[in-house]
Amino acid sequence: QLELEESGGGLVQAGGSTSLSCVASGRAFSRYRMGWFRQAPGKEREFVAALSYKGDITRYTDSVKGRFTISRDNSKIMGYLQMNSVKPEDTGIYYCAADANILNLPTFPNEWHYWGQGTQVTVSS
């Protein structure tokens with residue numbers, strides 16, 4: 001069993017930056033792929049970014065490419081999402097996810113097993 005907890009985010013102005021952190025409960029995290037998803041009010045949860053367990057392969061949704069960076073520090077069992085040049089449409093609850101299947105980096109939420117409780121990011125225009 002793996003527990004994840006997000007922190008960071010909050011209120012940020014459009015064009016600004018913020019960062020999210022995800023701490024895992026156990027060393028097993030270092031062998032899991034990780035990802036970030038978000039959910040805006042009234043919308044379904046959507047994929048944002050994913051990272052292989054080694055940290056050498058990334059995947060991003062098109063709308064955040066060049067603006068967001070996913071990373072991890074397995075020695076600290078932490079994951080991160082750096083968000084730059086944020087836009088109002090980036091507003092939502094951001095969730096950290098992890099899964100033991102390391103073969104790919106899927107974009108569908110139902111292919112990820114472990115989830116955090118989420119942290120709010122609000123981008124004001």
Side-chain angles (χ1 to χ4, degrees):
Q1 186 73 13
L2 187 72
E3 295 183 355
L4 305 172
E5 183 175 358
E6 305 92 341
S7 62
L11 179 63
V12 60
Q13 285 192 327
S17 297
T18 191
S19 61
L20 307 181
S21 298
C22 173
V23 59
S25 60
R27 291 286 173 188
F29 178 75
S30 65
R31 302 189 299 273
Y32 286 21
R33 67 186 182 202
M34 67 159 292
W36 289 94
F37 289 74
R38 65 188 178 191
Q39 188 165 16
K43 294 188 176 182
E44 294 185 351
R45 193 169 298 189
E46 66 172 359
F47 171 78
V48 176
L51 181 64
S52 62
Y53 78 101
K54 289 185 178 179
D56 57 347
I57 302 172
T58 58
R59 185 174 187 178
Y60 296 93
T61 191
D62 286 345
S63 64
V64 308
K65 285 180 180 177
R67 300 189 298 121
F68 291 9
T69 302
I70 187 172
S71 62
R72 67 193 299 162
D73 185 338
N74 285 338
S75 67
K76 298 180 179 178
I77 52 174
M78 295 279 294
Y80 308 96
L81 185 68
Q82 178 66 38
M83 303 168 61
N84 297 330
S85 302
V86 295
K87 304 175 181 180
E89 51 264 42
D90 294 323
T91 294
I93 300 174
Y94 281 69
Y95 298 91
C96 178
D99 195 276
N101 186 340
I102 63 172
L103 295 180
N104 53 16
L105 299 175
T107 62
F108 293 102
N110 61 7
E111 296 192 63
W112 295 80
H113 189 72
Y114 299 103
W115 292 88
Q117 294 299 308
T119 187
Q120 178 71 44
V121 174
T122 303
V123 182
S124 62
S125 57

- Item | Nearest atoms (heavy-atom pairs only) where Ser125 meets Pro88 | CB-CG, 3.8 Å

- Message: Test your reading of the model: is there a side-chain donor-acceptor pair from Arg59 to the backbone of Leu105, 3.5 Å cut-off?
- Response: yes

- Message: Can you confirm whether more than 12 heavy atoms, excluding those of Glu89, are under 6.0 Å from its CD atom?
- Response: yes

- Please answer: with hydrophobic residues joined when any side-chain heavy atoms are less than 4.5 Å apart, are Ile70 and Val86 in the same cluster? yes

- Does any donor atom in the side chain of Asn74 or Arg31 lie under 3.5 Å from an acceptor atom in the other side chain? no

- Query: Is there a side-chain contact between Tyr114 and Phe29 (heavy atoms, below 4.5 Å)?
  - Reply: no

- Tell me, do Tyr60 and Thr69 make a side-chain contact under 4.5 Å, heavy atoms counted? yes

- Task: Could you give me the CA-CA distance, side-chain angles and deciding distance for Val123 and Met83, then say whether side chain to side chain contact (heavy atoms under 4.5 Å, CB included) is met?
- Result: CA-CA 11 Å; Val123 182; Met83 303 168 61; 5.8 Å; no

- Under 4.5 Å between side-chain heavy atoms, hopping through other hydrophobics if needed: is there a path connecting Leu20 to Val48? yes

- Say whether, by atom type as modelled, one donor and one acceptor occur between the side chain of Tyr94 and the main chain of Gly8 under 3.5 angstrom. no

- Message: For the OG1 atom of Thr58 and the CZ atom of Phe68, what is their distance to the nearest 0.5 Å?
- Response: 14.5 Å

- Item | Shortest non-hydrogen contact between Leu2 and Ala98, atoms and distance | CD2-CB, 3.9 Å

- Item | Pair Tyr32 and Tyr53, ring centroids less than 6.0 Å apart | no

- Query: Quick one: does Ile102's side chain get under 4.5 Å of Lys54's, heavy atoms only?
  - Reply: no

- Query: So, the side chain of Arg72 versus the backbone of Arg33: is there a donor-acceptor pair under 3.5 Å, distance only?
  - Reply: no

- Are Arg67 and Asp90 close enough that some pair of their side-chain heavy atoms sits under 4.5 Å apart? yes

- Examine Arg45 relative to Trp112 and say whether NZ or CZ is less than 6.0 Å from the centre of the six-membered ring and inside a 45° cone about the ring axis. no

- When rounded to the nearest 0.5 Å, the distance separating CD1 of Ile77 from SG of Cys22 is 10.0 Å

- Message: Checking side-chain polar atoms at under 3.5 Å, does Ser7 have a donor or acceptor matched by the opposite partner on Glu5?
- Response: no

- Message: Would you say that more than 12 heavy atoms from the other residues, nucleotides or ligands in this model lie under 6.0 Å from the CD of Gln13, or not?
- Response: no

- Item | Between OG on residue Ser63 and CZ on residue Phe47, distance to nearest 0.5 Å | 10.0 Å

- Can you check whether Thr91 reaches Gln120 side chain to side chain, under 4.5 Å on heavy atoms? yes

- Hey, any chance Ile93 and Trp36 share a hydrophobic cluster, counting ILVMFWY side chains that come within less than 4.5 Å of each other, even indirectly? no

- Item | Whether over 12 other heavy atoms sit under 6.0 Å from Gln82 CD | yes

- Between the OG atom in Ser52 and the CG atom in Asn104, the distance rounded to the nearest 0.5 Å is 11.5 Å

- Item | Gap separating the CG atom of Asn84 from the OG1 atom of Thr18, nearest 0.5 angstrom | 9.5 Å

- Note on the structure: Closest non-hydrogen atoms of Gly116 and Tyr95, given as atom of the first, atom of the second and distance, are O-CD2, 3.6 Å

- Message: What verdict does the side chain to side chain contact (heavy atoms under 4.5 Å, CB included) test give for Arg38 and Val64, after you've listed the backbone C-alpha separation in whole Å, the side-chain angles of each residue and the deciding distance to 0.1 Å?
- Response: CA-CA 12 Å; Arg38 65 188 178 191; Val64 308; 4.0 Å; yes

- Asp62 and Lys65 ion-paired at < 4.0 Å: yes

- Note on the structure: Taken to the nearest 0.5 Å, the spacing of Leu4 CG from Met34 CE works out to 8.5 Å

- Message: Just so I know, are the side chains of Leu81 and Glu6 near enough to count as touching, which here means a heavy-atom distance under 4.5 Å?
- Response: no

- In sequence, state the C-alpha distance, the side-chain angles, and the governing distance for His113 and Asn101, and then conclude on side chain to side chain contact (heavy atoms under 4.5 Å, CB included). CA-CA 9 Å; His113 189 72; Asn101 186 340; over 6 Å; no

